[in-house]
Amino acid sequence: MALIRESDLPGIGKKYQIETASEDKIVVVIHDDGRREIYHYYDDDPDESISQVTLEDDEARQLPAIIGGMTYKPKALESIEVSLEELVIEWCKVEPSYKCINKTIAELHVRQRTGATILATVEKGKQKINPGPSDMITADMTVVVAGERQQIKQLKELLING
């Protein structure tokens, strides 16, 4: 787990120092004007940076989605399941033929009928964490769901058959 230290830079913005599990050292400076500067440091010399990148606000906002895998999921991870004892988290692609299309989460009664939870929805160019009951399922959307294996199976059937 990364160690993160946050500090104010009066008149400039905020500074975040990150030490990763692999002992890499990164500093992110968020300027009041929206710019971000990212610095990567040598392990043995915390005062000398290896590299520096400057991002405008809109560029910086795209980066977490890229790093977090919300805009592209490597082929090897398409059917990945993260299991924590009985909990499974899975990404389900909504195909154009599915009966759930243009129905809200409430209309589908997802929790009541399956016991599973929709954690997020991802569409081209946008993502929504913790969607509400009025959020609609659309074709080609990816739905991130959590539950026990049987609940996930029931949710997939619900998406396909409405």
Side-chain angles (χ1 to χ4, degrees), residues 1-94 100-106 108 110-111 116-147 151-152 155 159:
M1 180 101 135
L3 172 66
I4 302 172
R5 292 185 192 98
E6 177 183 332
S7 56
D8 288 322
L9 299 174
I12 297 172
K14 280 209 181 270
K15 174 180 163 183
Y16 297 88
Q17 293 179 196
I18 305 158
E19 188 170 324
T20 68
S22 62
E23 298 185 7
D24 283 311
K25 292 169 185 65
I26 302 166
V27 170
V28 178
V29 176
I30 302 176
H31 291 261
D32 291 335
D33 66 5
R35 268 180 312 124
R36 272 60 157 201
E37 294 175 343
I38 304 169
Y39 300 89
H40 183 207
Y41 289 89
Y42 287 107
D43 291 341
D44 56 353
D45 188 355
D47 295 325
E48 177 145 2
S49 68
I50 298 171
S51 61
Q52 185 253 329
V53 176
T54 301
L55 301 170
E56 295 301 319
D57 185 63
D58 60 332
E59 296 168 326
R61 291 181 187 281
Q62 293 173 359
L63 195 57
I66 293 167
I67 291 172
M70 296 301 278
T71 58
Y72 170 76
K73 186 172 36 178
K75 293 289 183 199
L77 299 178
E78 276 192 7
S79 62
I80 191 170
E81 296 176 352
V82 179
S83 181
L84 303 169
E85 293 187 31
E86 298 298 314
L87 177 68
V88 175
I89 299 173
E90 200 169 311
W91 290 257
C92 303
K93 173 90 171 187
V94 177
C100 66
I101 293 173
N102 295 328
K103 292 186 180 176
T104 65
I105 294 170
L108 292 167
V110 171
R111 294 278 304 259
T117 302
I118 296 179
L119 300 174
T121 56
V122 182
E123 296 178 85
K124 188 173 184 172
K126 69 178 183 179
Q127 64 189 19
K128 181 151 191 183
I129 307 295
N130 196 21
S134 62
D135 286 306
M136 192 169 294
I137 306 296
T138 60
D140 297 318
M141 171 184 277
T142 298
V143 181
V144 182
V145 297
Q151 293 171 327
I152 300 293
L155 181 87
L159 294 174

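Reckoned from all heavy atoms, side chains included, excluding hydrogens, waters and symmetry mates.
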Worksheet item: Closest heavy-atom contact between Ser134 and Thr104?
Response: O-CG2, 3.5 Å
Response to the item:
Heavy-atom closest pair (Cys100 atom, Ile137 atom, distance to 0.1 Å) is SG-CG2, 3.6 Å
Response to the item:
Between the CD atom in Glu23 and the CG atom in Leu3, the distance rounded to the nearest 0.5 Å is 11.5 Å
Worksheet entry | salt bridge (Lys or Arg N to Asp or Glu O under 4.0 Å): pairs with one or both residues in residues 9-18, sequence neighbours excluded | Glu6-Lys14, Asp8-Lys14
Response to the item:
Interatomic distance, CG@Asp32 vs CG@Leu9, rounded to 0.5 Å, equals 9.0 Å
Worksheet, complete the sentence: Rounded to the nearest 0.5 Å, the OG1 atom of Thr117 sits from the CD atom of Gln151 at a distance of 7.5 Å
Worksheet item: Any side-chain heavy atom of Asp135 within less than 4.5 Å of one from Thr121?
Response: no
Worksheet item: About how many Å separate CD1 of Ile18 and CD1 of Ile38, when rounded to the nearest 0.5 Å?
Response: 8.5 Å
Discussion item. Please give me the minimum heavy-atom distance between Val145 and Cys92, naming the atom from each residue.
Written reply: CG2-SG, 3.9 Å
Item to complete: Mind checking side-chain contact (heavy atoms from CB on, under 4.5 Å) for Lys93 and listing every partner two or more places apart, or none if nothing turns up?
Response: Glu95, Asp140, Thr142
Discussion item. I want to check something: taking the side chain as every heavy atom from C-beta on, are Ile12 and His31 in contact at a cut-off of under 4.5 Å?
Written reply: yes
Worksheet item: Quick one: does His40's side chain get under 4.5 Å of Lys25's, heavy atoms only?
Response: no
Worksheet item: Does the side chain of Val94 come within less than 4.5 Å of Thr138's, by heavy atoms?
Response: no
Discussion item. Minimum heavy-atom separation for Met141 and Met136, please, with both atom names.
Written reply: CE-O, 3.5 Å
Item to complete: State the CG-CG distance between Asn130 and Leu119, to the nearest 0.5 angstrom.
Response: 8.0 Å
Discussion item. Nearest 0.5 Å, please: how far is CD in Glu123 from NZ in Lys128?
Written reply: 10.5 Å
Discussion item. Walk me through whether Asp57 and Arg36 qualify under side chain to side chain contact (heavy atoms under 4.5 Å, CB included).
Written reply: CA-CA 7 Å; Asp57 185 63; Arg36 272 60 157 201; 2.5 Å; yes
